[in-house]
Structures are given as structure tokens and as C-alpha cells.
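Structure first, then comments.
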Amino acid sequence: MTDGARLATQPGVRPREAATHCPYCALQCGMVLRQTAGRVEVTPRDFPTNRGGLCQKGWTAADLLDHPDRLTTPLLRDRPGGELRPASWDEALDRITGGLRAIQERHGRDAVAVFGGGGLTNEKAYALGKFARVALGTRHIDYNGRWCMSSAAAAGMRAFGVDRGLPFPLADLGRADTLLLVGANPAETMPPLMRHLADQRARGGRLIVVDPRLTATARQADLHLQPLPGTDLAVANALLHIALTEGWLDRAYVADRTTGFDEVRRTVAGCWPAEAERLSGVPVADLEATARALSTVDRAVILTARGAEQHAKGVDTVTAFINLALALGLPGRPGSGYGCLTGQGNGQGGREHGQKADQLPGYRRIDDPAAREHVAEVWGVDPAALPGPGVPAYQLLDSLGTTHGPRALLVFGSNPVVSAPRAARVESRLRDLDLLVVADFLRSETADLADVVLPVAQWAEEDGTMTNLEGRVLRRRALREPPPGVRTDLAVLAALAARLDAPGAFPADPAAVFEELRRASAGGPADYAGVSWDRIDADTGVFWPCPDEDGPDTPRLFADRFPTPDGRARFRAVTHRPAAEPVCADYPLHLTTGRVLAHYQSGAQTRRVAALRRAAPGAFVELHPDLAGRLGVAEGEEVRVVSRRGELRAPARLSPAIRPDTVFAPFHWPGAARANSVTNDAVDPVSGMPEFKICAVRVERA
Ligand code: SF4
């Protein structure tokens with residue numbers, strides 16, 4: 001029996017210890033929580049992903065459980081512009097359901113929208129999707145995972161017929177002779193993952209990092225390619241061009257396991273390395289060294305993350321790296337392959353069970369008649385009553401309060417006022433709503449705008465499951481009950497569904513929700529039918545697909561075939577195109593955005609943790625000393641970063657680690673330092689992912 005199971009099955013009302021996982025990123029590091037007098041202690045737990053490590057966010061995660069900012073009563077705003085005031089749950093729920101009914105009677109079912117989050121458990125993501133489609137009858141639901149993984153998800157579906165971030169266990173990274181990381185900085189975003197990279201290096205493996213900044217990860221690399229943001233696609237095609245020219249392809253693999261290579265071959269034949277150097281700034285010699293390092297070893301892994309994805313051509317960029325991996329015969333071979341490093345804690349599971357505008361549980365398509373019939377039967381409703389697909393997150397947020405957009409929005413586990421692109425516009429749209437409801441455990445910047453705020457439980461106060469970056473389903477275990485006045489998200493959805501006289505059942509018990517999720521996902525691409533809480537407890541999680549409780553799970557995908565109709569992976573020819581917003585005389589620099597070690601996403605949680613605030617007290621703008629010299633900017637001096645959409649103000653941080661034509665700003669802070677006041681809302685046409693990673697700006701002394 002595992003440590004997790006032993007702790008989870010102690011007799012008594014609630015254990016004084018719980019073996020669970022960190023609430024933050026997709027690494028889902030194992031940890032043990034202990035309730036001691038007056039506080040909850042966090043200690044790392046040996047788990048295959050973190051191997052006993054935690055980053056400072058994980059170590060301090062329990063600081064928010066009894067934080068003075070914790071919401072413990074519903075809040076109501078009586079009139080626009082008025083203050084939020086404490087209210088009873090009955091009053092708050094009545095206000096919500098009364099408002100929703102009135103809006104839908106006047107404007108139709110789709111006048112109400114739901115916005116979820118990649119941190120919600122599988123049970124909550126599933127229940128939220130069902131609540132939107134069944135209780136509200138609206139097609140409008142999407143979530144902030146659209147900001148994080150949607151381009152790799154779409155590219156994976158297109159090429160492999162399935163979207164699982166890593167199609168192999170994380171430990172495989174340690175076996176790779178060459179590891180290429182594209183737009184990923186795990187040394188800052190998920191530090192314990194570096195233990196796997198240390199294994200790889202110790203075995204003599206090479207690490208190559210592609211990033212416009214010399215990040216903490218890039219500093220550890222054998223080779224750092226430092227392209228202009230938005231040119232990764234050109235780099236990938238040039239790498240494939242070199243491999244083609246040198247005869248390094250795995251011809252048998254391409255012939256036996258793939259389709260569509262001829263068109264890719266024709267396309268990349270014209271993608272000259274010298275042209276890639278002109279576009280990206282990466283020297284041809286480095287491109288050649290990278291192609292050789294990937295092509296002439298037994299095992300190679302290519303991983304992409306947000307740096308490659310968060311572009312208006314993110315799907316094609318990821319596709320270009322998948323093309324490279326397929327041409328070298330990597331996917332499906334132990335210690336080799338292509339994968340995406342998922343960001344948010346349940347970014348993977350959150351996109352599998354119905355939070356996405358076009359999906360039903362089990363990664364089924366909502367426009368597939370057979371999928372609708374299956375899920376409708378589990379839900380006890382007529383398939384014809386299920387709405388059709390909605391629209392991706394930014395399109396949804398940008399339509400709020402407009403003539404044809406939703407008039408009410410329910411937000412669970414997200415803070416779009418800080419995290420959405422072109423955030424001032426999104427904030428204005430939220431203000432135009434007739435009803436904004438936010439369920440959260442802290443008063444986020446989005447909650448500050450709400451008409452109703454509902455106080456909900458934190459991760460240590462609820463049971464459930466999460467699916468990590470490997471597609472491994474894990475158990476989240478409660479240490480204690482929520483404080484008085486606080487309800488779980490599932491209890492909130494159950495209460496709202498009851499007040500709305502929704503058909504079907506909306507259990508508040510996460511175990512019951514998971515049992516229903518198993519049935520709803522059965523037969524779908526992300527099949528959880530064979531996953532049970534007991535089975536997870538008995539081992540270190542269960543990898544989907546797992547269709548049969550007595551059958552095996554699937555740590556490695558693609559060994560024999562790809563889950564496409566003909567069992568083959570699909571090449572797709574893609575070509576470089578410029579960023580949506582080119583630089584010009586007025587906006588001559590590129591802005592790229594990202595995260596820092598001490599903070600997580602919109603920062604609503606980590607900005608409130610004293611140790612993390614001390615470690616990273618505020619925003620900054622990173623710029624090269626040469627650029628600073630030209631602008632007359634000194635270290636620490638406040639600068640304005642101005643784009644066509646707005647500006648941010650923060651102190652300058654001078655660093656030779658960044659290209660002189662590019663500036664970097666972290667996106668964790670609100671107000672004047674909000675990076676997303678500046679970012680571009682251009683989106684990828686396939687995935688709907690916004691172009692967070694590049695826009696045209698000028699930088700001025702403030
Ligand atoms: S934030 Fe991520 S890397 Fe850090 S402890 Fe939590 S799960 Fe692990």
C-alpha cells in the first residue's frame with residue numbers, strides 16, 4: 001500500500017495528515033499535509049514526478065488556508081458602483097438564480113456563460129460542463145486553459161489523433177540522449193522537473209534549449225538557441241530541412257507509421273537554414289548542431305511549452321516540431337518522442353471533461369451525434385436538448401455585455417482581469433454584464449468586479465482527482481473540512497442546479513461525480529472508465545486511457561499505432577508567417593511575457609504569501625543593457641511599456657540574458673504593472689490561443 005493510501009484510509013472523521021499534491025502547476029508534486037496546533041505543515045513526498053522535491057510555491061501553499069484575506073461569507077453588490085456586502089448563502093443563491101432566469105427569459109439560453117479554470121479538479125471540471133449544458137442549457141462555456149495548452153492540444157489531435165501532454169512518463173526524459181526544450185523554462189516554472197533533466201545529463205545526455213531569453217533552464221543547456229520571439233516555426237522547419245538534406249530521416253518509420261510526408265518534404269525543401277537565421281537570428285551552425293544532436297542518437301525527445309504555443313500561429317509551430325519528431329521516428333519509442341509541458345495543475349484533465357467550448361466528457365466532440373447520445377444518456381437528458389459548440393475563451397470574453405453576447409457570466413477558478421490578453425478590454429466587457437458571479441476563495445481582481453462572490457473551499461479541504469502533465473490521474477485528498485460559511489464548488493453547483501430545477505442529478509459528493517465521469521468518458525479518447533479512486537490509491541496514479549478496471553492503464557502511447565482512423569500519425573505541411581503585430585517606427589520593440597519562480601498565473605494566490613512576496617515583491621521589465629543605454633534607462637528606474645492597446649509601468653531590470661530587440665515582463669501583477677494591458681488579443685485560428693508571447697511596443701522612461 002502506498003504512503004498516499006495509508007494516510008488516506010486512517011480511521012476517524014478526518015485524518016490529521018493527508019498525502020496529496022501541490023495545488024499549483026501540472027507537475028502535481030506529491031506532498032504530505034499535517035494539521036498541527038494552529039497551522040498546516042507541508043512536507044514533500046516522494047512521487048514519480050517530483051522525487052521528493054517541491055518548489056517554494058509548494059512549500060508555502062498551506063499559507064493561504066487560514067489567510068486573513070480568505071473569503072468566508074458570500075458577498076453581494078446591491079447596485080452598480082455600490083460596495084460588496086456580506087450576505088447569506090440563501091440570499092446570494094437566490095440573487096444568482098433569479099438573475100439567470102430573468103436574463104435567459106429575456107435574451108435566450110445563450111445569454112448566460114460559464115468560465116472555468118485549469119486548476120479545477122476533474123470532478124469540478126466535469127460538473128461545470130454538465131451544469132452549463134444541462135442546468136443552464138447554454139453553449140457558452142470555456143476556460144482559462146485556452147490560454148495555456150490549447151495550441152499543443154490542437155496540434156496533437158491533428159497529428160496523433162489524441163491530446164495527452166506527455167505521451168510517456170516523465171522519467172523517460174532521463175533516458176534521452178538529446179532533449180530539445182522549446183519555449184519552456186522548467187527551472188523556474190516547475191523546478192523539481194529538473195531532477196529528471198539532471199538524470200539525463202548525468203547519463204551523458206545533451207540538453208538544447210530554444211528561448212529568446214537566457215533563462216535559468218537555458219543556462220544549464222549544452223546549447224542555447226536564442227531566436228526572435230515568434231520564429232520557432234522557421235527554426236523547426238530548418239531543422240527538418242537539415243535532417244532531410246543529411247539523410248537523417250527514419251525512412252522506415254515514415255513509410256510504415258505516418259501519412260502526408262511528401263507535402264512536408266516539398267515544403268521544408270525550401271526552408272533554407274540561412275533564411276531561418278535571417279528570420280530568427282539563430283546561426284546556421286547552431287541549427288546544424290541541433291539537427292545533428294537530435295538525429296544521430298538512439299533516443300531523442302522534443303518538448304514544447306508556452307513559448308512555442310502562445311502565438312497566432314501556435315498550432316502550426318507545434319506542428320512543425322511534431323513533423324520533425326515524426327520524420328526522425330521518435331514518437332512511440334521508449335526514451336524518445338514529442339510532448340508538451342502542460343502548465344496549470346489540471347490543465348490536462350480540465351480539457352478532457354467538458355469545460356472546453358467544443359467538448360463533452362472523455363474528450364468527445366460536442367458536435368458528434370454518437371458522443372451526444374452517449375453523454376446525454378449518462379446525464380438523463382434528451383441528446384437534442386444539449387446545446388452545440390460555443391466559442392473559445394477570448395472570443396467569449398470579448399463578446400460579454402455586447403448586443404449579441406452573453407449578459408451574465410459565472411466564473412469558477414479563474415481571474416481573467418489579470419490573465420486575459422488585452423485585459424483592459426476584457427475588464428470593460430465584464431463591467432458591461434448584467435450579472436457577474438465569481439466563485440473563489442480569495443477576492444481576486446475579477447471578484448472585485450462581481451455582483452455576487454461565493455466563498456469556496458481550497459485544495460486541502462476537498463477530495464477529488466487531478467490529471468497531471470503525463471496524463472496520470474492522481475488523488476487530491478482533503479486534510480480538513482472547509483471553514484464555516486465556505487462551500488465546495490460542487491456543493492455550489494448542486495445548490496444552483498436545484499434552484500434552477502435542472503433535470504438530472506448534480507451530486508455534491510466528489511466520489512459520486514467521479515463515478516459518473518467514468519461512465520460519461522467510457523469509450524471516448526480520454527477514457528477513464530477503468531480508473532477508480534481505489535486503484536489510484538493503490539499505486540502512483542493511473543494513466544489514461546484506461547477503459548477497463550481489470551485491464552492495464554497506458555503509461556506510454558503510440559507504441560504500435562496512433563489513435564487515428566488508419567493508425568498512422570499525420571504530417572502536415574506548415575510554413576513560417578510573421579507575428580500578428582509587426583514592429584514599426586512607433587512600436588519598435590518586441591514584448592514577450594511569462595512567469596517567475598515565486599508566482600503562479602494571475603498571482604491572486606501567490607501574491608498573498610509573504611515568503612513569495614519577499615522573494616518576488618513586484619513586476620519588472622527586463623531589458624538588455626544596450627537597449628537600456630539607448631533609451632537612457634537605469635537599473636531600477638520605472639519605465640512605461642506601451643503598445644497599441646495600453647501600457648504597463650514597472651521598474652527596469654537590466655540583463656544581458658535577453659535579446660536587445662526584445663523586452664520581457666512577467667504577467668502576475670494587476671493594476672499599472674499588468675502585462676496583459678499591453679498584450680495582443682490576436683488568436684490562433686485553430687486553437688483560439690492568444691498571442692501572449694509577442695507584440696510590438698515602445699519603452700519609455702516613466
Ligand atoms: S508549483 Fe509545481 S513545481 Fe512547484 S511544488 Fe507545486 S507542483 Fe511542484
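Owing to the predicted nature of the structure, the values given are computational and were not obtained by experimental measurement. Ligands are counted one by one from 1 in listed order, and the atoms in each one are counted from 1 as well. Sequence positions, counted from 1, serve as the residue numbers for this chain.
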(Q) Would R213 and F664 count as a cation-pi pair here, with the cationic atom under 6.0 angstrom from the ring centre and within 45° of the axis? (A) yes
Q) With a 3.5 Å cut-off and no angle check, do the side chains of E123 and T465 form a donor-acceptor pair? A) yes
(Q) Using every non-hydrogen atom in the two residues, find where S521 and R518 come nearest and quote the distance to one decimal. (A) OG-O, 3.2 Å
Q: Determine whether more than 12 heavy atoms belonging to other residues, nucleotides or ligands lie under 6.0 Å from atom CZ of R556.
A: yes
Q: For the pair Q601 and W147, evaluate side-chain hydrogen bond (donor to acceptor under 3.5 Å, both in side chains) and give the outcome as yes or no after the intermediate values.
A: CA-CA 11 Å; Q601 307 300 70; W147 313 147; over 6 Å; no
Q: Measuring from atom 8 (Fe) of ligand 1, count protein N/O/S atoms under 2.8 Å, please.
A: 1
Q. Can the ring centroids of F558 and F160 be said to lie less than 6.0 angstrom from one another?
A. yes
